[in-house]
Amino acid sequence: MTLRSLPILDRVTDAFFALDTDFRFTYLNARAETLLKRSREDLIGRVMWDEFPQTVETQFPDGFHRAMDEQVPVSFEIYHARLETWFEARAYPSETGLSVYMRDVTGRKSQETTLAQHAAVVEAVHDAVVTLDRNREIVTVNNALEKTLGIDRADLIGEHVETLTQNAGISDDHAVEIGRAITDIDVGNATKRQLEVPFTAADGTDHIGEVRFVPIEDDLATVAGVIRDVTDRHEYERVVTSLHEVTRWLLESDDPAEICAIAVHAGSDLLDLPLSGVWLLEEEHGYLDPVAGTAGAHDEFGGLPRFYPGEGLIWDTFESGAVERFDDLETVEDLYNPDSPIRSEIIAPIGTHGVLMTGSLEPHRFDETDVDLISTLVENTRAALDRADREQVLRDRSAELERQTERLESIAEILSSDLKQQLSTVANALDGDGDAADEWEFPLAEDSVEETLDRAEQLVDDVREFARNASTVGTRSRVQLESAIEEALEQSPLDADRVIVEQPATLRADADRFVHLLETAFEDAMARSDGDVTIQVGLVGVDETDRARGFFMLDDAAEIPPTARKQVLDPTVDADAPALTANTSIDGLGLALVRAIAEAHDWTLTIETGANGGTRLEIRNVMTLERRP
């Protein structure tokens with residue numbers, strides 16, 4: 001180094017210092033003084049390792065000794081912790097020592113670190129990423145893109161983007177759209193372009209890719225493309241749309257079995273669930289009855305089982321009311337069938353109607369998307385079953401009203417004839433010879449006329465009471481059976497001591513109508529008796545678990561023959577039935593009115609023959625009946 005060169009070195013922006021063969025400072029420029037925070041006067045002539053002992057632990061010693069010993073230039077990067085700065089050190093040897101240049105490369109190192117981090121992120125993301133230069137040549141691709149298309153990046157980098165579209169099986173029309181999007185980004189017409197493109201994956205399956213192009217600032221690339229596989233999302237949207245169409249089919253049906261069949265076949269066809277079935281609650285017996293199943297389920301199991309309370313996951317899930325997903329049934333205890341080939345399943349309650357179950361022979365077959373879709377399906381199925389129930393109730397009510405109307409019309413006709421007969425008796429008695437008017441006397445006794453008119457009034461009251469069955473009963477209250485019997489006897493000509501109550505009891509009923517029921521039953525028994533009649537009243541089903549609760553009334557009057565019981569309970573039917581005996585002829589409504597009041601309370605009335613003869617009336621389904629001490 002000559003003195004002439006010193007002013008030039010002072011103007012160099014890099015830090016520069018010179019060392020002799022003993023590693024003593026012989027020169028420092030101004031930038032080196034600033035870097036080392038020591039003046040040249042302090043350092044010239046001093047050994048570097050003595051003045052800066054911390055450098056002994058760095059790359060300086062190895063690098064400088066190698067340059068000096070081998071007389072070769074060396075370069076290395078070093079981080080100055082105190083200055084938080086990266087430097088690139090270059091040492092050039094000569095016979096008299098070393099010339100050392102140190103350049104601040106912190107900015108470059110930061111950029112490289114950032115790029116390395118970005119590259120790591122790009123490699124880690126599941127989306128495929130490609131970058132392009134201004135010539136639309138591929139600069140970089142990530143692992144996800146290689147894996148998706150089954151192409152090594154070495155076969156793509158440096159190639160035109162058309163190579164990528166061709167390998168992905170993208171159509172010419174969509175390739176043109178991609179080209180336009182890249183141009184818009186490249187020339188600054190847009191900061192983002194997004195489009196959906198069908199493509200073919202490495203395994204030959206068809207997919208939908210959501211492609212987003214954005215500008216990037218890079219020494220080589222100008223545009224980045226991110227390709228996200230949205231096939232599952234498209235399929236989900238397609239299935240949801242199809243499920244809404246299935247809902248229309250479900251709501252068009254009013255048959256529960258047909259609704260369930262539509263549901264399981266929709267699950268099979270739309271959701272790829274070949275092993276599915278629907279169980280509905282059989283309310284009378286309290287079990288879940290299989291009403292619909294896919295062909296795959298029947299083929300695999302030879303039919304679907306019935307589930308009783310406490311049996312298996314299906315019943316447990318039905319009771320819980322929440323959708324359950326079981327990823328591996330081999331880890332679940334207390335299975336209904338431990339030998340079942342099903343390994344995973346989803347069980348979804350259909351409200352209070354029942355459950356839908358779908359299974360797979362593979363573990364971990366289902367995910368949350370399947371749960372969401374099945375939940376949508378069962379919710380639509382529930383709505384359809386609710387509607388079917390409402391429609392059935394309306395149909396039942398309409399049919400019942402029609403039957404009620406027909407019965408009332410028939411009853412009116414029967415009672416009209418009865419009234420005419422009663423009044424005809426009076427008219428015939430009044431019809432006499434006009435020439436003997438002065439000698440005429442009323443042919444009927446006063447009590448006979450009163451009895452006839454009372455009978456006519458009673459018939460009118462019976463029609464009014466019978467008609468009330470078309471509506472619900474009034475407010476129900478707690479009624480004592482024996483007190484109601486006493487009140488009924490007050491309105492009946494039957495002597496109180498002719499009714500024997502076995503044991504006291506209570507029930508909830510419309511008190512007035514219940515008393516009328518008892519009164520009518522007592523009068524019917526009297527009508528079938530030539531003399532005194534005794535009626536025994538007792539409880540049934542109170543101590544039994546297999547029979548409905550209720551009470552009976554057993555009389556010792558003439559027995560109602562089995563052939564006449566249907567007509568006695570409903571005088572409007574069985575017109576061709578054998579004629580009743582004199583003691584069992586229909587006189588007014590009688591037991592038909594008892595039946596009407598019972599049914600208004602949701603009770604049932606049956607006629608049987610007593611163990612020792614006589615007629616036994618049983619009123620069952622009186623669920624509130626309780627024995628009273």
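What you see below is based on every heavy atom in this structure, not just the backbone, and it leaves out hydrogens, waters and symmetry mates. In this chain, numbering begins with 1 at the start of the sequence shown.
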**Prompt:** With sequence neighbours left out, what residues match R228 under salt bridge (Lys or Arg N to Asp or Glu O under 4.0 Å)?
**Reply:** D127
**Request:** Return each pair, listed once, that meets side-chain hydrogen bond (donor to acceptor under 3.5 Å, both in side chains) where at least one residue sits in residues 312-325; pairs must be two or more places apart or across chains.
**Result:** W315-E319, R325-D327, R325-E368
**Item:** side-chain contact (heavy atoms from CB on, under 4.5 Å) against S477, all qualifying residues, sequence neighbours excluded
**Value:** V479, A511
**Asked** Residues in salt bridge (Lys or Arg N to Asp or Glu O under 4.0 Å) with D367, at least two apart?
**Response** none
**Asked** Is a donor on one side and an acceptor on the other found under 3.5 Å between the side chain of W279 and the backbone of P305?
**Response** yes
**Message:** Counting C-beta onward and ignoring hydrogens, is there a side-chain heavy-atom pair between P256 and L280 closer than 4.5 Å?
**Reply:** yes
**Request:** Would you mind checking if R382 and D386 are paired as a salt bridge, meaning a charged N to carboxylate O distance below 4.0 Å?
**Result:** yes
**Item:** Electrostatic pair D524:R528 at N-O distance under 4.0 angstrom
**Value:** yes
**Complete:** When every non-hydrogen atom of I607 is compared with those of R565, the smallest separation belongs to O-NH1, 3.5 Å
**Request:** List for me each residue that meets side chain to side chain donor-acceptor pair (under 3.5 Å) alongside S483, sequence neighbours excluded, and say none if there are none.
**Result:** Q480
**Item:** Partner set under ring pair (Phe, Tyr, Trp, His ring centres under 6.0 Å) for F199, not counting sequence neighbours
**Value:** H207
**Request:** Would you please name every residue forming a side chain to side chain donor-acceptor pair (under 3.5 Å) with T534, sequence neighbours left out?
**Result:** R498
Could you tabulate the donor-acceptor pairs under 3.5 Å formed by side-chain atoms of residues 306-313, not counting sequence neighbours?
| residue | atom | partner | partner atom | Å |
| --- | --- | --- | --- | --- |
| R306 | NE | D289 | OD1 | 3.2 |
| R306 | NH2 | D289 | OD1 | 3.3 |
| E311 | OE1 | Y308 | N | 3.0 |

**Complete:** Residue set satisfying salt bridge (Lys or Arg N to Asp or Glu O under 4.0 Å) with D299, at least two apart, ordered chain then number -> none
**Contacts of type salt bridge (Lys or Arg N to Asp or Glu O under 4.0 Å), residue R343, not counting sequence neighbours** = D328, E330
**Prompt:** V323 versus I374: any side-chain heavy-atom pair under 4.5 Å?
**Reply:** no
**Message:** Do the side chains of R549 and E626 get close enough for a salt bridge, i.e. N-O under 4.0 angstrom?
**Reply:** yes
**Prompt:** Would E559 and R616 satisfy salt bridge (charged side-chain N to carboxylate O under 4.0 Å, His left out), going step by step from the backbone distance to the final call?
**Reply:** CA-CA 9 Å; E559 177 189 340; R616 177 184 172 106; over 6 Å; no
**Prompt:** Would you find a donor on one side and an acceptor on the other, under 3.5 Å apart, between the side chain of S492 and the backbone of E523?
**Reply:** no
**Message:** Please enumerate all residues that pass side chain to side chain donor-acceptor pair (under 3.5 Å) together with R478, with sequence neighbours excluded.
**Reply:** none
**Request:** Please name all residues satisfying side chain to side chain donor-acceptor pair (under 3.5 Å) with H174, sequence neighbours left out, ordered by chain then number.
**Result:** S171
**Message:** Under a 4.0 Å threshold between the charged nitrogen and the carboxylate oxygen, would E519 count as salt-bridged to R513?
**Reply:** no
